[in-house]
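A short worksheet on the structure shown next.
Counting convention: from 1, in listed order, for ligands and their atoms alike. Not measured: the values here are computed from a predicted model.
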Amino acid sequence: MAGQRYHLSTYGCQMNEHDSERMQGMLETLGYDECDEPAEADLIVLNTCSIRESADRRLETQLGNARRFKTERPEVVLAVGGCWAQSLKQEVFERYPFVDVAFGPGQVDQLGEFLVSDSIAASGHFEFDGFTADLPMRRTQSASAWLQISVGCNSKCSYCIVPSTRGREVSRPFDAIVEEARELTRRGAREITLLGQNVNSYGRDLRPDRRSFAELLAAVDAVDGVDRLRYTSPHPKDMQADVIAAHVELASVCEHIHLPLQSGSTKILKAMRRTYSRERYLERVRMIRQALPDASITTDIIVGFPGETEDDFLETVDLVEEVGFDGAFTFVYSPRRDTEAAQMAVDLVGREEASERIGRLIEVVQRTALERAQRFVGRELDVLVEGPSRTDPSRLRGRTRHNKAVNFSGLAEPGDLVVVSIDAATSTSLSGQASLLASASR
Ligand code: 5AD
Ligand code: SF4
């Protein structure tokens with residue numbers, strides 16, 4: 001493979017970003033070098049997402065471009081991985097006959113197999129055959145690293161394509177995760193984000209020793225050099241006292257919890273098969289606030305789910321006001337193939353209605369997030385430096401333990417922890433001045 005070059009584009013969530021890092025590690029081990037321009041690559045890899053229709057559409061454009069490259073240079077290999085590929089399986093080749101190899105999120109290693117074999121026939125790989133996280137790591141590492149703890153999801157949320165693309169939940173062995181945390185810190189990571197579709201159900205399937213997510217947090221916290229520990233995403237139904245206590249007791253576990261709500265209406269939550277009610281969600285928030293009064297809480301919300309009335313929507317708005325989220329990702333419901341909700345023909349919410357609702361919701365989210373962010377003004381916060389600010393390259397950008405982006409002036413290198421005096425806040429970011437290099441959190 002010497003001299004061969006690859007171009008990789010990633011769509012979707014952190015799990016896909018992580019899978020892409022492993023693809024890169026694998027390709028680099030095989031002797032491929034990365035190149036910025038797909039037009040110059042020998043191998044084009046698209047790591048796809050299918051969470052909403054907009055993701056599918058973006059991909060169709062990319063596939064159109066890739067077809068052009070292949071017409072101009074037929075020797076180019078086009079590989080399509082990830083959730084969109086998994087949801088279509090062999091249909092990928094029927095719809096896009098110029099694709100050489102397609103594989104789902106659990107078959108990343110098959111890309112390597114394909115590249116080293118002499119096969120010239122198109123091939124598709126869609127059965128789970130190992131953790132992507134067991135593939136080689138990339139050569140370059142930053143101060144923040146992903147760590148995969150499980151694959152798949154056993155929930156049955158009626159709107160979500162993920163259970164069908166990523167399969168049943170399988171936990172990675174406890175010791176393998178802790179060992180990887182050690183390896184990541186040896187390579188310079190000081191912030192680790194544990195990744196799973198439903199992180200807090202981790203370990204229930206492990207035999208003979210069941211483990212809990214809280215135990216895993218404690219074991220990773222104990223690894224030398226882990227200054228910050230995060231995780232995404234938990235399911236509110238599994239957010240128990242032991243995980244909340246871990247935030248209080250373990251120095252590295254950050255003061256931020258992302259707790260996907262989806263809807264504030266118990267009726268809609270039921271139709272979504274979320275298995276908690278509005279009250280149960282609020283109870284969890286109260287538990288968190290009691291133990292961690294200063295923690296940031298963020299969420300995901302879907303607007304326009306089938307059957308959502310104006311009153312249901314107002315219950316969501318009301319809950320957002322009541323909780324006062326530090327931030328929220330808001331989405332218009334998008335019907336996904338082979339999901340239960342896509343078959344619901346009752347009281348569909350029109351596009352205009354849904355986009356009008358999401359507009360109103362975003363206003364409330366921004367207002368409450370701004371109100372919450374004001375508590376940081378005047379404080380000195382530890383910031384992990386990421387690099388230059390995106391809006392003003394003479395300033396730096398980093399993140400607080402509360403997961404707030406901060407733009408600040410001062411001298412520091414990516415990976416440094418600095419203390420920043422916060423002097424202003426918007427709904428999505430803070431700004432300030434760095435005073436000194438912070439020591440690690442312990
Ligand atoms: N339509 C709209 N939003 C969705 N999400 C998941 N599936 C859908 C869908 N079909 C949102 C949920 C989830 C986030 C990652 O994406 O809010 O938490
Ligand atoms: Fe991630 Fe879901 Fe998109 Fe798959 S479909 S890449 S799990 S967001």
Side-chain angles (χ1 to χ4, degrees), residues 8-23 45-59 80-88 103-108 126 128 132 146 148 150-169 195-199 232-237 257-264 268-269 271-274 276 281 298-308 316 320 325 327-344 348-349 351 354-355 357-358 361-362 365:
L8 169 68
S9 313
T10 308
Y11 304 86
C13 62
Q14 291 101 333
M15 195 65 95
N16 254 22
E17 302 263 346
H18 174 266
D19 288 352
S20 283
E21 280 179 2
R22 294 302 172 143
M23 280 183 211
V45 188
L46 303 177
N47 191 12
T48 64
C49 170
S50 206
I51 193 81
R52 286 171 290 275
E53 231 177 316
S54 51
D56 288 7
R57 275 203 303 271
R58 217 169 306 142
L59 198 70
V80 182
C83 291
W84 176 85
Q86 179 71 38
S87 74
L88 287 182
F103 53 97
Q107 300 80 28
V108 171
F126 306 104
F128 174 71
T132 325
W146 311 117
Q148 183 184 29
S150 60
V151 295
C153 182
N154 288 353
S155 293
K156 295 188 170 60
C157 303
S158 59
Y159 51 83
C160 189
I161 197 167
V162 174
S164 77
T165 62
R166 292 199 180 247
R168 301 280 300 166
E169 184 174 307
L195 283 182
Q197 240 64 51
N198 178 3
V199 285
T232 196
S233 287
H235 192 301
K237 77 175 159 65
I257 295 178
H258 183 71
L259 200 63
L261 165 70
Q262 314 304 358
S263 169
I268 296 297
L269 286 168
M272 289 176 162
R273 294 198 188 277
R274 290 293 286 172
Y276 54 85
Y281 185 91
T298 57
T299 200
D300 292 344
I301 300 169
I302 298 176
V303 165
F305 188 80
E308 183 189 78
T316 301
V320 169
F325 290 106
F329 296 109
T330 52
F331 309 102
V332 168
Y333 167 71
S334 165
R336 304 287 54 213
R337 55 191 157 270
D338 302 330
T339 58
E340 189 189 343
Q343 325 298 323
M344 296 176 182
L348 296 182
V349 180
R351 269 193 183 275
S355 57
R357 282 183 193 166
I358 203 170
L361 180 64
I362 289 170
V365 164

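Atom 7 (N) of ligand 1 has Tyr159 CD1, 3.3 Å as its closest protein atom, hydrogens excluded (heavy atom only). Looking only at protein heavy atoms, the nearest one to atom 2 (C) of ligand 1 is Val332 O, 3.4 Å. With hydrogens left out, the protein atom closest to atom 5 (N) of ligand 1 is Arg52 NH1, 3.6 Å, a heavy atom.
Checking side-chain atoms of Thr132 against main-chain N and O of Asp19 turns up no donor-acceptor pair under 3.5 Å. The backbone N or O of Pro260 lies less than 3.5 Å from no partner atom in the side chain of Asp300, so there is not a single donor-acceptor pair. Panel note: side chain Thr299, backbone Leu259; a donor-acceptor pair is recorded below 3.5 Å. The closest donor-acceptor contact from the side chain of Thr232 to the backbone of Leu195 lies at 3.5 Å or more, if one exists at all.
Residue Arg273 qualifies as open at atom CZ: its count of foreign heavy atoms under 6.0 Å is 12 or below.
Ligand 1 places these atoms under 4.0 Å from at least one heavy atom of Tyr333: 1 (N), 2 (C). Of all atoms in ligand 2, listed by their number and element, those nearer than 4.0 Å to a heavy atom of Gln197 are 7 (S). Near Arg336, the atoms of ligand 1 lying under 4.0 angstrom from a non-hydrogen atom of the residue are 10 (N). Applying the 4.0 Å criterion to heavy atoms of Gln262 picks out, from ligand 1, the atoms 12 (C), 13 (C), 17 (O), 18 (O). Close approach of ligand 1 to Asp300 is summarised as follows: ligand atoms under 4.0 Å from at least one heavy atom of the residue are 13 (C), 14 (C), 15 (C), 17 (O), 18 (O).
With a cut-off of 2.8 Å, the protein N/O/S atoms near atom 4 (Fe) of ligand 2 add up to 1.
Annotation: cation-pi pair Arg52/Phe331 present, NZ/CZ under 6.0 Å from the ring centroid and within 45° of its normal.
By the side chain to side chain donor-acceptor pair (under 3.5 Å) test, Gln148 pairs with no residue at all, sequence neighbours left out. Scanning for side chain to side chain donor-acceptor pair (under 3.5 Å) contacts around Glu17 gives an empty result, with sequence neighbours left out. Partners of Gln86 by side chain to side chain donor-acceptor pair (under 3.5 Å), not counting sequence neighbours: none found.
Under a 4.0 angstrom heavy-atom cut-off, Thr339 registers as lying outside contact with ligand 1.
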Open item on the list: With side-chain hydrogen bond (donor to acceptor under 3.5 Å, both in side chains) as the criterion, how do Ser50 and Arg337 come out once you've worked through the C-alpha distance, each side chain's angles and the decisive distance to 0.1 Å?
Closed with: CA-CA 10 Å; Ser50 206; Arg337 55 191 157 270; 2.8 Å; yes
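Classified by interplanar angle (parallel below 30°, tilted 30° to 60°, perpendicular above 60°), the ring pair Tyr276/Tyr281 is tilted.
Taking each of Ala342, Ser334, Cys49 in turn, the one with a heavy atom nearest to atom 10 (N) of ligand 1 proves to be Ser334.
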